[in-house]
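Hydrogens, waters and symmetry mates are skipped; everything else that's a heavy atom, side chains included, is used.
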Amino acid sequence: MPTLHLQDVHLTRGITPVFAGLQLELTEDRIGLIGNNGAGKTSLLRLLCGLEAPDQGSIHIDGTDIHQREGRMKRSQRIGMMFQNPDDQIIFPTVEEELALGLPGLKKREALQKAREFLAQRGLSDWAQHAISALSQGQRQHVCWLTLLLAGPATLLLDEPYASLDLPGQARLAHDLNQSDRQLIVSTHLLDHVRTYPRVLWLDQGQVRADGNGPDVCAA
């Protein structure tokens, strides 16, 4: 698993401090993030994938600062994030085009063919040319997940991935996550989905209130 290291990270929005001296080393293959709204879960994920930069401190992947040139290259290849709201993430009008977006370096025709093959493998061939606008919120969330899977980064950051899913959709996603060989960092209010994880971080007002194995932290 990649090693993600946050060293003395400070982050402020306006006059509101989000993190003040956050220190973390994230090496486990399954890490849950729990806490109330406003605790800092989404901010932490955005820092890890480079969408935000700390006001002070540093974030490293395998010893390289993710905001330095080499680190930016590692970050783009090895870290992917799924937003809580799929409409903040989806760009293209059809499912196959959106999946192809995650395959840089290929000609458009080749990327679309790979996207169609990937959908076929998952029994979703009829989704390929579906208009994103015709999909439900949960289906659009599933498209974002499939795009991450096809792109293949080693670390997947998932921000409230179950929030817009019905119970069958939650079960399908939970199955996919259980089968994945990637490092997963999952933010959620649904504790049962991270209760068995080897590590869960409980954030409270930008501080780590508890950090340990899933059963103990979720029980607390």
Side-chain angles (χ1 to χ4, degrees), residues 1-2 4 24 26-52 75-76 78-92 95 98-99 101-102 115 118-119 121-124 127 130 132-133 135-204 211 213-215 217-218:
M1 290 296 121
L4 295 167
L24 287 172
L26 307 172
T27 59
E28 293 80 3
D29 64 344
R30 298 289 185 273
I31 300 172
L33 299 178
I34 63 173
N36 295 334
N37 290 338
K41 303 186 300 296
T42 298
S43 295
L44 176 56
L45 296 181
R46 289 175 63 87
L47 285 169
L48 290 172
C49 71
L51 287 176
E52 294 194 51
R75 182 187 75 206
S76 64
R78 301 184 61 178
I79 300 177
M81 180 170 171
M82 187 169 83
F83 295 7
Q84 181 174 350
N85 183 351
D87 294 333
D88 292 337
Q89 187 162 353
I90 291 174
I91 297 174
F92 284 99
V95 173
E98 185 64 27
L99 266 65
L101 173 66
F118 181 71
L119 288 168
Q121 291 166 9
R122 301 179 68 86
L124 296 171
W127 277 35
H130 265 34
I132 295 288
S133 59
L135 301 179
S136 70
Q137 184 83 351
Q139 289 172 325
R140 292 198 295 273
Q141 187 79 311
H142 194 54
V143 169
C144 293
W145 167 243
L146 293 176
T147 301
L148 269 188
L149 277 185
L150 182 59
T155 297
L156 306 181
L157 312 176
L158 309 179
D159 189 11
E160 295 290 348
Y162 302 100
S164 57
L165 301 180
D166 57 16
L167 288 177
Q170 290 183 31
R172 283 192 296 270
L173 178 60
H175 174 76
D176 276 356
L177 296 186
N178 289 336
Q179 297 298 311
S180 176
D181 60 355
R182 324 283 177 83
Q183 182 185 39
L184 304 176
I185 303 179
V186 180
S187 162
T188 184
H189 289 291
L190 303 176
L191 302 187
D192 283 346
H193 289 297
V194 297
R195 197 180 300 274
T196 60
Y197 281 15
R199 187 177 182 189
V200 171
L201 299 168
W202 177 6
L203 297 181
D204 185 15
D211 180 355
N213 66 72
V217 176
C218 289

Which value, rounded to the nearest 0.5 Å, describes the distance between [X] atom [atom1] and [Y] atom [atom2]?
X: Phe83; Y: Asp88; atom1: CZ; atom2: CG; value: 7.0 Å
X: Thr196; Y: Asn213; atom1: OG1; atom2: CG; value: 10.5 Å
X: Ile31; Y: Ser187; atom1: CD1; atom2: OG; value: 13.0 Å
X: Arg182; Y: Leu148; atom1: CZ; atom2: CG; value: 8.5 Å
X: Ile185; Y: Leu26; atom1: CD1; atom2: CG; value: 5.0 Å
X: Leu156; Y: Leu45; atom1: CG; atom2: CG; value: 11.5 Å

Indicate yes or no for a side-chain donor-acceptor contact from [X] to the backbone of [Y] under 3.5 Å, with no hydrogens or angles considered.
X: Arg78; Y: Ala154; answer: no
X: Gln84; Y: Asp159; answer: no
X: Glu52; Y: Arg46; answer: no
X: Arg30; Y: Leu177; answer: yes
X: Asn36; Y: Ala39; answer: no

Using side-chain heavy atoms (C-beta onward) and a distance below 4.5 Å, is [X] in contact with [Y]?
X: Leu124; Y: His142; result: yes
X: Arg122; Y: Asp176; result: yes
X: Glu160; Y: Lys41; result: yes
X: Met82; Y: Gln141; result: yes
X: Phe92; Y: Val143; result: no

Nearest atoms (heavy-atom pairs only) where [X] meets [Y]:
X: Leu48; Y: Ile79; answer: O-CD1, 3.4 Å
X: Thr27; Y: Arg199; answer: N-NH1, 4.4 Å
X: Pro215; Y: Tyr197; answer: CD-O, 4.2 Å
X: Leu157; Y: Cys49; answer: CD1-CB, 3.7 Å
X: Glu98; Y: Ile91; answer: OE1-N, 2.9 Å
X: Leu135; Y: Arg140; answer: O-NH1, 2.6 Å

- Query: Asn85 and Gln137: side-chain contact (heavy atoms from CB on, under 4.5 Å), yes or no, with the steps?
  - Reply: CA-CA 9 Å; Asn85 183 351; Gln137 184 83 351; 3.5 Å; yes
- Query: What residues, two or more places apart in sequence or in another chain, satisfy side-chain hydrogen bond (donor to acceptor under 3.5 Å, both in side chains) together with Arg172?
  - Reply: none
- Item | From CA spacing to verdict: side-chain contact (heavy atoms from CB on, under 4.5 Å), Met81, Gln89 | CA-CA 9 Å; Met81 180 170 171; Gln89 187 162 353; over 6 Å; no
- Task: Evaluate side-chain contact (heavy atoms from CB on, under 4.5 Å) for Ile132 paired with Val95, printing each intermediate quantity in order.
- Result: CA-CA 6 Å; Ile132 295 288; Val95 173; 3.9 Å; yes
